Structures are given as C-alpha cells and as structure tokens.
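Below: one structure, written as structure tokens.
The structure displayed is predicted, hence computed values, not measured ones.
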Amino acid sequence: QVQLVESGGGSVQAGGSLRLSCAASGYTSSRYYMGWFRQAPGKEREGVAVMNAARGSTYYADPVKGRFTMSQGNAKNTLYLQMNSLKPEDTAMYYCAASFEGALYGGLWWRQEKYNYWGQGTQVTVSS
C-alpha cells in the first residue's frame with residue numbers, strides 16, 4: 001500500500017521560505033508522477049508542481065514559477081518542495097500525491113483524478 005506523509009508546513013511572514021517534505025513508501029515502480037497540490041480556504045484544490053519521476057522533468061504552475069522548486073531525495077523516496085519568496089496567497093493546505101497511471105501528456109499531469117494516492121496534507125500560512 002502506497003503511503004505519503006507530508007511535513008514541514010508552518011507559519012511564516014511574507015518573503016520567507018519553507019521546505020515541505022513528503023515521505024513516500026509502498027511502491028517499486030519507477031514510472032510515476034509525484035505532485036504537490038494545495039487548497040486554500042473556500043477554493044478548489046490546485047496543482048502547484050509535478051515531477052515525472054522516470055525522466056526527472058518538473059512542471060510548475062504559473063503562480064509559483066521562479067519561487068518554488070520541487071526535487072527528490074537521493075533515495076527517491078522523499079519528495080521536497082522548496083518554497084521561497086512566499087506570499088499571503090500561498091496560504092493553503094499542501095498535499096503530496098502520486099500517480100501510477102502511466103505516461104501523462106499535454107498537461108494531464110495537472111489532472112487530480114490521475115493521482116491514485118494522497119497524503120494527509122500540511123498547512124502553510126503566510127502572513128503579510
């Protein structure tokens with residue numbers, strides 16, 4: 001059973017940084033996508049960053065480009081989201097997710113229904 005456990009959330013002032021971690025276990029496939037999604041109060045959950053684990057390529061949503069960086073640990077069972085220059089609008093619950101649906105093309109990696117497993121989330125609060 002695949003398990004994803006996020007950590008690293010907290011409260012920071014605008015302009016600050018946080019690094020989220022996602023500990024993944026219970027899978028052996030190397031062909032998967034890992035994603036970070038977030039949901040702010042009263043809003044729909046949205047994609048933040050996605051990684052094609054097999055190719056190492058990453059994709060970022062426009063609001064976080066240039067500020068957030070997604071990476072994997074050396075053992076590839078830990079996923080990170082480095083968040084710099086945080087803004088109040090980044091305040092949300094952040095979720096780690098894994099997709100084992102095979103190759104995703106043309107932006108399908110942003111489709112949440114393609115993700116089979118989700119973590120419980122970690123809260124990020126950015127004050128102005």
Under a 4.5 Å cut-off applied to non-hydrogen side-chain atoms, are [X] and [Y] in contact?
| X | Y | result |
| --- | --- | --- |
| Y117 | Q1 | yes |
| Y94 | E6 | no |
| T91 | Q123 | yes |
| V12 | M83 | no |
| R38 | P63 | yes |

If you take all heavy atoms of [X] and [Y], which pair is closest and at what distance?
| X | Y | answer |
| --- | --- | --- |
| W36 | Y80 | NE1-O, 3.5 Å |
| S128 | P88 | CB-CG, 3.9 Å |
| L4 | A98 | CD1-N, 3.7 Å |
| S17 | N84 | OG-OD1, 2.9 Å |
| Q120 | V5 | OE1-CA, 3.8 Å |
| T122 | L20 | CG2-CD2, 4.0 Å |

Report all side-chain donor-acceptor pairs from residues 99-108 shorter than 3.5 Å, counting only partners two or more places apart or in another chain.
| from | atom 1 | to | atom 2 | distance (Å) |
| --- | --- | --- | --- | --- |
| S99 | OG | E101 | N | 3.4 |
| S99 | OG | K114 | O | 2.7 |
| E101 | OE2 | N116 | ND2 | 2.7 |

Whether W118 and F37 hold their rings parallel, tilted or perpendicular, with breakpoints at 30° and 60°: tilted

R45: partners by salt bridge (Lys or Arg N to Asp or Glu O under 4.0 Å), with sequence neighbours left out: none

Contacts of type salt bridge (Lys or Arg N to Asp or Glu O under 4.0 Å), residue K43, not counting sequence neighbours: none

Side chain to side chain contact (heavy atoms under 4.5 Å, CB included) partners for T69, two or more places apart: Y60, Q82

State plainly whether one hydrophobic cluster holds both [X] and [Y], where clusters connect Ile, Leu, Val, Met, Phe, Trp and Tyr through side-chain heavy atoms under 4.5 angstrom apart.
| X | Y | value |
| --- | --- | --- |
| M51 | Y115 | no |
| V124 | V50 | no |
| M93 | L18 | no |

Chi angles and distances behind the side chain to side chain contact (heavy atoms under 4.5 Å, CB included) call for M70, L79: CA-CA 7 Å; M70 183 174 179; L79 187 69; 3.4 Å; yes

Test log, rule side chain to side chain contact (heavy atoms under 4.5 Å, CB included), inputs T58 and Q72: CA-CA 11 Å; T58 53; Q72 280 186 312; over 6 Å; no

Pairwise distance [atom1]([X]) to [atom2]([Y]) - rounded to 0.5 angstrom:
| X | Y | atom1 | atom2 | value |
| --- | --- | --- | --- | --- |
| M34 | C96 | CE | SG | 4.0 Å |
| D90 | F68 | CG | CZ | 4.0 Å |
| Y33 | W110 | OH | CH2 | 12.0 Å |

Lys/Arg N to Asp/Glu carboxylate O, D62 vs K65, below 4.0 Å: yes

Within 6.0 angstrom of Q3 CD, more than 12 heavy atoms from elsewhere: no

Partners passing side-chain hydrogen bond (donor to acceptor under 3.5 Å, both in side chains) against E113 (at least two apart in sequence or in another chain): R111

side-chain hydrogen bond (donor to acceptor under 3.5 Å, both in side chains) involving Y95 - partner list, sequence neighbours excluded: none

Derivation and outcome, side chain to side chain contact (heavy atoms under 4.5 Å, CB included), residues Q13 and L86: CA-CA 8 Å; Q13 290 192 325; L86 282 162; over 6 Å; no

